[in-house]
Amino acid sequence: MPREPVSTEFPAERAFLVGVEFHGAPTLMGLTDSLAELALLADTAGLIVVGQATQRLPHPDPKTYVGSGKVQEIRQLSEETLADVIIFDDELSPRHQRELERMMDENVRIIDRTALILDIFAQHAQSREGSLQVELAQYEYRLPRLTRAWTHLARQAGGGGGRAGAVGGVGLRGPGETQLEVDRREIGRRISHLRQELEKVRAHRKRYRARRKKADAPTVAIVGYTNAGKSTLLNLLARADVRVADQLFATLDPTTRRVELPGGHQVLVTDTVGFIQKLPTTLVAAFRATLEEIAEAELLLHVVDITHPNARAQAEAVRLALEEIGVTDIPMVTALNKIDRLPDSEAALADVDDFERAVPISALKGDGITSLKAALEHELFESMSPVVVRVPYRDGRLISLFHEQGLVERIEHEREQVLIEGRLPNRLLSEFRRYLAVETASPVETPGD
């Protein structure tokens, strides 16, 4: 079938999706749901999905990932649907990618879920920090895959000038197009430079967080699956104007706003990049500086789209992502969002016990926000744990902090340190962990928890 002529107006490209399920392999979502999410990612990238194919296998084919017969079926279907790009729902190894490219029509590109997400990030990053992080992730992903058709990474890293066409379209700018003939050594130098620049960003963020701590305002990091409503919630809590869009990964750059809680306490709330299942490891590494905003927070506010059919799987994906970046011991409050979309908003109450310290809310309508603020205040200022610590005199800031925000029950001055027994807000436990004299008991539950 003849192909349509290429337009100079950057028409939306046509994408064909491929999903594979391996027997016994652990998955958060079923094959159908995962492909539906891939279709949303493709739509966010500006592609038109024209078809899909699935296969169930005991293990990946060592040569082509899917079976050879399935490769021929995919080629035929992609030709019938006039697809420009074939997208696999898992990350392909460099070998799998090369073999699949060799066996497909030379006019059709092969990319995977990771490359698609990187492309979306390149479109949405607005700040210099976001652009650096995306570019680093692109190069680290691309380096072992230097081959013939890398135009799907040809978007201007960070893309502040808007979309220059769909994935791999004519006229795209950036590392995919301008660096096609650059050897590994030069790309390696670029990666080294980007890492150095991001270390500067990381150092700046560390200084900024230190200044925030001196302001005596605890920090709350909003986390959640992409498109769960995190930015909408921050806008409501802080009366802010963070960009909101009904699409995946609409927000990449962290935004911090001051929020006042019912008791008059001031807190700093940070909106962070959304998570997703099968989160590319290159992104986790590249976004280290940004993700430290989560690791340094004193409380996590986990936003869950309770209307989504895979809400629990999405929550588990967030938990696994937090575990991957080393965030396992920070207290958490869960906002079960979008109850305004439920036929019966009271139905959300049935899900409360399935999540950690859950409060049903509507970030769009404002329902449940008073209760959510009360829950945040309780976790930050009222929920305490018994501790015994030995703090060196040189760390006078922590000694003062214990007196100011904790309850001192016993104090003994020793030669080089002070022994303090008492109770601390759970959000401060991590600050004193290295000075614990004995194991800390479990957080004390108060009525209403």
Side-chain angles (χ1 to χ4, degrees), residues 127 205 208-245 250-275 290-306 318 322 327 330-340 355-384 401 404-405 424-431 448-449:
S127 68
R205 281 197 173 278
Y208 177 61
R209 284 194 296 268
R211 289 198 300 270
R212 289 193 316 209
K213 285 183 181 295
K214 289 181 180 179
D216 290 329
T219 56
V220 178
I222 302 180
V223 299
Y225 210 77
T226 180
N227 207 31
K230 301 184 301 301
S231 298
T232 302
L233 179 56
L234 178 60
N235 284 339
L236 180 66
L237 290 172
R239 299 178 182 176
D241 56 355
V242 179
R243 177 177 180 262
V244 174
T251 303
L252 290 187
D253 300 308
T255 303
T256 301
R257 295 289 186 269
R258 188 174 290 272
V259 174
E260 183 173 339
L261 298 180
H265 294 106
Q266 298 281 324
V267 298
L268 297 174
V269 181
T270 299
D271 181 22
T272 60
V273 62
F275 294 118
T290 297
L291 295 175
E292 282 181 353
E293 289 291 317
I294 300 174
E296 294 291 331
E298 290 152 305
L299 180 67
L300 301 183
L301 175 52
H302 182 190
V303 182
V304 176
D305 177 1
I306 197 59
V318 171
L322 291 173
V327 178
I330 300 177
M332 178 184 290
V333 170
T334 306
L336 304 182
N337 192 25
K338 305 186 183 182
I339 61 172
D340 54 296
F355 299 92
E356 191 171 355
R357 300 175 184 85
V359 181
I361 69 160
S362 167
L364 186 64
K365 304 291 186 181
D367 300 337
I369 297 304
T370 300
S371 297
L372 179 62
K373 285 184 174 181
L376 296 177
E377 190 156 53
H378 173 76
E379 288 302 319
L380 287 170
F381 299 99
E382 300 169 16
S383 183
M384 294 189 171
L401 187 64
E404 292 168 3
Q405 302 204 29
L424 279 172
N426 290 341
R427 64 181 173 84
L428 296 179
L429 292 179
S430 60
E431 293 235 34
D449 278 0

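- In plain terms, the two heavy atoms of Pro262 and Ala374 that are nearest each other are CG-N, 4.2 Å.
- Atoms CD and CG, on Glu298 and Leu429 in that order, are 11.0 Å from each other to the nearest 0.5 Å.
- Within the 4.5 Å cutoff, side-chain heavy atoms of Lys373 are placed close to those of Leu237.
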>> With side-chain contact (heavy atoms from CB on, under 4.5 Å) as the criterion, how do Leu380 and Val220 come out once you've worked through the C-alpha distance, each side chain's angles and the decisive distance to 0.1 Å?
In response: CA-CA 9 Å; Leu380 287 170; Val220 178; 3.8 Å; yes
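- The closest donor-acceptor contact from the side chain of Glu379 to the backbone of Val333 lies at 3.5 Å or more, if one exists at all.
- Nearest heavy-atom pair, Val359 versus Ala375, reported as atom, atom and distance to 0.1 Å: CG2-CB, 4.0 Å.
- No side-chain heavy atom of His302 sits under 4.5 Å from any side-chain heavy atom of Leu322.
- In terms of the side-chain contact (heavy atoms from CB on, under 4.5 Å) criterion, residue partners of Glu260 (sequence neighbours excluded) are, by chain and number, Gln266.
- Put simply, the side chain of Thr255 never gets that close to the backbone of Asp271: no donor and acceptor are under 3.5 Å apart.
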>> Please determine whether side-chain contact (heavy atoms from CB on, under 4.5 Å) holds for the pair Arg257 and Leu234, giving the CA-CA distance in whole Å, both sets of side-chain angles, and the decisive distance to 0.1 Å.
In response: CA-CA 8 Å; Arg257 295 289 186 269; Leu234 178 60; 4.1 Å; yes
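- Remark: Leu364 engages Asp340, Ser362 in a side-chain contact (heavy atoms from CB on, under 4.5 Å) (not counting sequence neighbours).
- The CD atom of Glu382 lies 6.0 Å from the CD atom of Glu377; values are rounded to the nearest 0.5 Å.
- Here the shortest heavy-atom pairing between Asn337 and Ala228 reads ND2-O, 3.0 Å.
- Glu356 approaches Thr334 most closely through the heavy-atom pair O-OG1, 2.7 Å.
- For Asp367, there are no salt bridge (Lys or Arg N to Asp or Glu O under 4.0 Å) partners, not counting sequence neighbours.
- Atom CG in Leu376 sits 12.5 Å away from atom NE2 in His265 (nearest 0.5 Å).
- Separation of atoms CG (Leu236) and NZ (Lys365) is listed at 12.0 Å; rounding is to 0.5 Å.
- For the atom pair CD1 of Ile369 and CD1 of Ile361, the computed distance is 4.0 Å after rounding to the nearest 0.5 Å.
- Atom OG1 of Thr270 is separated from atom CD1 of Ile294 by 9.5 Å, given to the nearest 0.5 angstrom.
- Listed for the Thr272 side chain is a donor-acceptor partner under 3.5 Å among the backbone atoms of Ile222.
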>> Leu233 vs Leu301, test: side-chain contact (heavy atoms from CB on, under 4.5 Å). Steps then yes/no.
In response: CA-CA 10 Å; Leu233 179 56; Leu301 175 52; 3.7 Å; yes
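- Here the shortest heavy-atom pairing between Phe381 and Leu261 reads CE1-CD1, 4.0 Å.
- The two atoms that bring Val303 and Gly229 nearest to each other are CG1-C, 4.3 Å, heavy atoms only.
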